[in-house]
Visitor: 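Structure incoming, see below.
Whatever order the structure lists them in is the order used to number ligands and atoms, beginning at 1. Scope of the values below: all heavy atoms of this structure, side chains included, with no hydrogens, waters or symmetry mates.
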Amino acid sequence: MKIAFFDTKPYDIPSFNKYGKQYGVEFKYFETKLNEDTAELAHGFDGVCAFVNDTVNDKVIDRLYEMGIKVLALRCAGFNNVDIKHAFGKLHVLRVPAYSPYAVAEHTMALLLTSIRRIHKAYIRSRDFNFSLSGLTGFDLHGKTVGVVGTGRIGRVFIDICRGFGMRVLAYDKFPAKGLDNGDTVRYVEMDELLSKSDIISLHCPLTEDTYHIIDKTALEKCKRGVVILNTSRGALVDADALLAGIKSRHVGAACLDVYEEESDLFFEDNSGHIMEDDTLARLISMPNVIVTSHQAFLTEEALSNIAETTVKNIVDFFNNNQCPNELCFRAGGPEDCKSGKCF
Ligand code: NAI
């Protein structure tokens, strides 16, 4: 099995080589992202492996289909960059539904603690032997209320971490998880109540039509003054211009972003020698109470190994058995994991 691997980064190669060798899958690593201009590179391969910022739109899907490619193996959980409806009947789309919810949840807490205890400021000061504490006053997490939007794998791990800090949790999910609401320290509420009562809001839902800009101007106006916004899920959950306005007006106390709506041409790359064209991102990064990491929440050794192993097993499952439990399928009700494996 020969697979064209797009948007390759050096940290991808060791684990994919390891599991590829183990299961008989050969990868050809391309640094370029998959898009309409680069789809041609997949010619002669059995399948394609893509990541979060590859563009798998209708044109890319049609081109891959024309070239006889049957499988798109996503090495990520989210699939908002794939036109799943258009892929139906043409391309089998496999994904890695979970690889380490701990990686993302722990990074979210790392961002929160860094922000509210001003670690990013203290680190720079002490390297310059500036041991002044002025301006470094933080606040306790104990006793604070955190609003968690999306209580799936990552959201639930983040809730556990927050409970360890003695925080109260208000959760919102379109499909609430059974047994999570204990009527006391963890309660499911409507989105408006979550917005108005939370000191910290953390987003752990997928990007869908429902959740696009779930944090916009109107939502921010409902929040407490000083609210801390955490987004380690998908950039377009937050309207970045509204967030910037909230930061400038001091209504938003701090923001920690591992994802950004317009990240695809910027994140994962060294842009340090370039002029930053995105004024909103440049202004957000310039703020002392905004921390941006470049979609690194997943980046732990454990997660990379799990991603590679599951992706390779997905490919092998599909080619050997013509089915894969991690196939995405667009059926009448919407995209869902196809358990039958006989989509088309
Ligand atoms: P999951 O599928 O286990 O959980 C998602 C939860 O969101 C589910 O409980 C679902 O019911 C809920 N949800 C769906 N629609 C909703 C809506 N309209 N409003 C509120 N909740 C809604 O997914 P998991 O593994 O917890 O991942 C969550 C998100 O984290 C992914 O969709 C992905 O975008 C992001 N992610 C980010 C990474 C990073 O490196 N920054 C790495 C991995 C995932």
Side-chain angles (χ1 to χ4, degrees), residues 7 9 11-12 50-54 74-82 84 95-112 147-162 169-181 186 188-195 198 201-216 219 229-238 255-261 263-264 266-268 291-304 306-307 310-311 326 328 333-337:
D7 200 12
K9 296 288 180 285
Y11 49 76
D12 291 318
F51 196 47
V52 292
N53 288 324
D54 288 305
L74 295 171
R75 53 183 191 280
C76 52
F79 49 90
N80 52 284
N81 55 330
V82 180
I84 293 286
R95 68 163 180 156
V96 183
Y99 38 88
S100 172
Y102 309 103
V104 182
E106 289 172 15
H107 188 78
T108 311
M109 182 49 85
L111 286 173
L112 175 59
V148 177
V149 182
T151 55
R153 299 172 188 90
I154 296 169
R156 287 205 298 271
V157 174
F158 186 67
I159 287 172
D160 283 346
I161 294 172
C162 289
V169 179
L170 295 179
Y172 172 75
D173 197 301
K174 199 171 172 184
F175 310 99
K178 286 196 183 101
L180 185 65
D181 187 325
V186 183
Y188 273 113
V189 293
E190 289 304 316
M191 190 64 186
D192 275 1
E193 186 176 347
L194 182 150
L195 291 170
S198 299
I201 295 174
S202 196
L203 305 177
H204 298 289
C205 56
L207 175 61
T208 63
E209 280 174 14
D210 284 350
T211 60
Y212 176 78
H213 285 186
I214 195 168
I215 299 296
D216 60 4
I229 303 291
L230 310 172
N231 187 9
T232 56
S233 207
R234 283 292 180 268
L237 296 177
V238 175
C256 302
L257 310 173
D258 185 53
V259 285
Y260 177 68
E261 186 166 2
E263 73 179 47
S264 60
L266 295 167
F267 281 20
F268 302 110
I291 297 180
V292 175
T293 52
S294 61
H295 209 136
Q296 79 174 73
F298 74 99
L299 196 63
T300 65
E301 285 178 13
E302 291 81 358
L304 287 175
N306 291 341
I307 288 169
T310 306
T311 305
N326 293 328
L328 288 165
E336 58 179 17
D337 278 349

Visitor: Looking only at protein heavy atoms, which one is nearest to atom 14 (C) of ligand 1, and what is the separation?
Guide: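 For atom 14 (C) of ligand 1, the nearest protein heavy atom is P206 CD, 3.6 Å.
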Visitor: Quick one, L195 with I215, criterion side-chain contact (heavy atoms from CB on, under 4.5 Å). Give me CA distance, side-chain angles, the key distance, then yes/no.
Guide: CA-CA 9 Å; L195 291 170; I215 299 296; 3.9 Å; yes
Visitor: How does S233 reach ligand 1, if at all, at less than 4.0 Å between non-hydrogen atoms: by side chain, backbone, both, or neither?
Guide: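 Both backbone and side chain.
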Visitor: Is ligand 1 less than 4.0 angstrom away from at least one heavy atom of G78?
Guide: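 Not so, G78 does not reach ligand 1.
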Visitor: Would you find a donor on one side and an acceptor on the other, under 3.5 Å apart, between the side chain of T300 and the backbone of A303?
Guide: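 Confirmed, T300 side chain pairs with A303 backbone.
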Visitor: Suppose I only count heavy atoms of V104 and a 4.0 Å limit; which atoms of ligand 1 are within that range?
Guide: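 Taking each heavy atom of V104 in turn, ligand 1 has 38 (C), 42 (C), 43 (C) under 4.0 Å.
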Visitor: Nearest non-hydrogen atom to atom 5 (C) of ligand 1 belongs to which of R153, E209, M191, H204?
Guide: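 Ranked by closest heavy atom to atom 5 (C) of ligand 1, first place is H204.
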Visitor: Output the list of atoms in ligand 1 that are nearer than 4.0 Å to some heavy atom of C205, sorted by atom number.
Guide: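 In order of number, 7 (O), 21 (N), 22 (C).
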Visitor: Can you pull out the closest protein heavy atom to atom 44 (C) of ligand 1? Residue, atom name and distance to 0.1 Å, please.
Guide: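 The closest one turns out to be I154 CD1, 3.7 Å.
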Visitor: So, the side chain of N80 versus the backbone of L207: is there a donor-acceptor pair under 3.5 Å, distance only?
Guide: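 Absent.
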Visitor: Please write down residue, atom name and distance for the protein heavy atom closest to atom 19 (N) of ligand 1.
Guide: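 Checked against all protein heavy atoms, atom 19 (N) of ligand 1 sits closest to Y172 CE2, 3.6 Å.
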Visitor: Main chain of C76, side chain of R95: is a donor-acceptor contact present, judged purely on distance under 3.5 Å?
Guide: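 Pair absent, no side-chain N/O of R95 close to backbone of C76.
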Visitor: Under 4.5 Å between any side-chain heavy atoms of R75 and D7, yes or no?
Guide: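 R75 reaches D7 side chain to side chain.
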Visitor: Parallel, tilted or perpendicular for H295 and F51, by the 30°/60° rule?
Guide: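 Judged by the thresholds at 30° and 60°, the geometry between H295 and F51 is tilted.
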Visitor: Say whether D258 and ligand 1 are in contact under the criterion: heavy-atom distance to a ligand atom below 4.0 Å.
Guide: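 True for this residue.
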Visitor: Can you sort out which atoms of ligand 1 are near T232, meaning under 4.0 Å from one of its heavy atoms?
Guide: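 Listed by number with element: 37 (C), 38 (C), 39 (C), 41 (N).
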Visitor: Side chain of D181, backbone of V189: donor and acceptor closer than 3.5 Å?
Guide: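 Between the backbone of V189 and the side chain of D181 there is no qualifying donor-acceptor contact (under 3.5 Å).
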Visitor: Are the side chain of Y188 and the backbone of A177 linked by a donor-acceptor contact shorter than 3.5 Å?
Guide: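 Such a contact is found between Y188 side chain and A177 backbone.
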Visitor: I'd like to check which ligand 1 atoms, numbered from 1 as shown, lie under 4.0 Å from a non-hydrogen atom of G150.
Guide: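 Result: 7 (O), 21 (N).
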Visitor: Please assess T232 against T108 for the test side-chain hydrogen bond (donor to acceptor under 3.5 Å, both in side chains), listing each intermediate value before the final yes or no.
Guide: CA-CA 6 Å; T232 56; T108 311; 3.0 Å; yes
Visitor: Quick one: does any side-chain atom of T211 pair with a main-chain N or O of L237 as donor and acceptor, under 3.5 Å?
Guide: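 Answer holds: no.
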Visitor: What's the shortest distance from atom 42 (C) of ligand 1 to any protein heavy atom, and which residue and atom give it?
Guide: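 Protein heavy atom at minimum distance: Y99 OH, 3.0 Å.
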Visitor: Of all the non-hydrogen atoms in the protein, which one sits nearest to atom 4 (O) of ligand 1, and at what distance?
Guide: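 Checked against all protein heavy atoms, atom 4 (O) of ligand 1 sits closest to G152 CA, 3.2 Å.
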Visitor: List the closest protein heavy-atom neighbour of atom 40 (O) of ligand 1: residue, atom name, distance to the nearest 0.1 Å.
Guide: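 Going by distance alone, atom 40 (O) of ligand 1 is nearest to F298 N, 3.1 Å.
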Visitor: Between atom CG of L74 and atom OG1 of T310, what is the distance when rounded to the nearest 0.5 Å?
Guide: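 Spacing of CG (L74) from OG1 (T310) equals 13.0 Å.
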Visitor: Provide, to 0.1 Å, the distance between atom 9 (O) of ligand 1 and the closest protein heavy atom, together with that atom's residue and name.
Guide: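 Ranking protein heavy atoms by distance from atom 9 (O) of ligand 1, first comes D173 OD2, 2.7 Å.
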Visitor: I want to confirm something. Looking only at heavy atoms, which of H295, R234, H107, K174 is nearest to atom 33 (C) of ligand 1?
Guide: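 Looking at heavy atoms only, the winner is R234.
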Visitor: Just need the protein heavy atom nearest to atom 18 (N) of ligand 1, so name the residue and atom and give the distance.
Guide: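 For this ligand atom, the closest protein heavy atom is T211 CG2, 3.2 Å.
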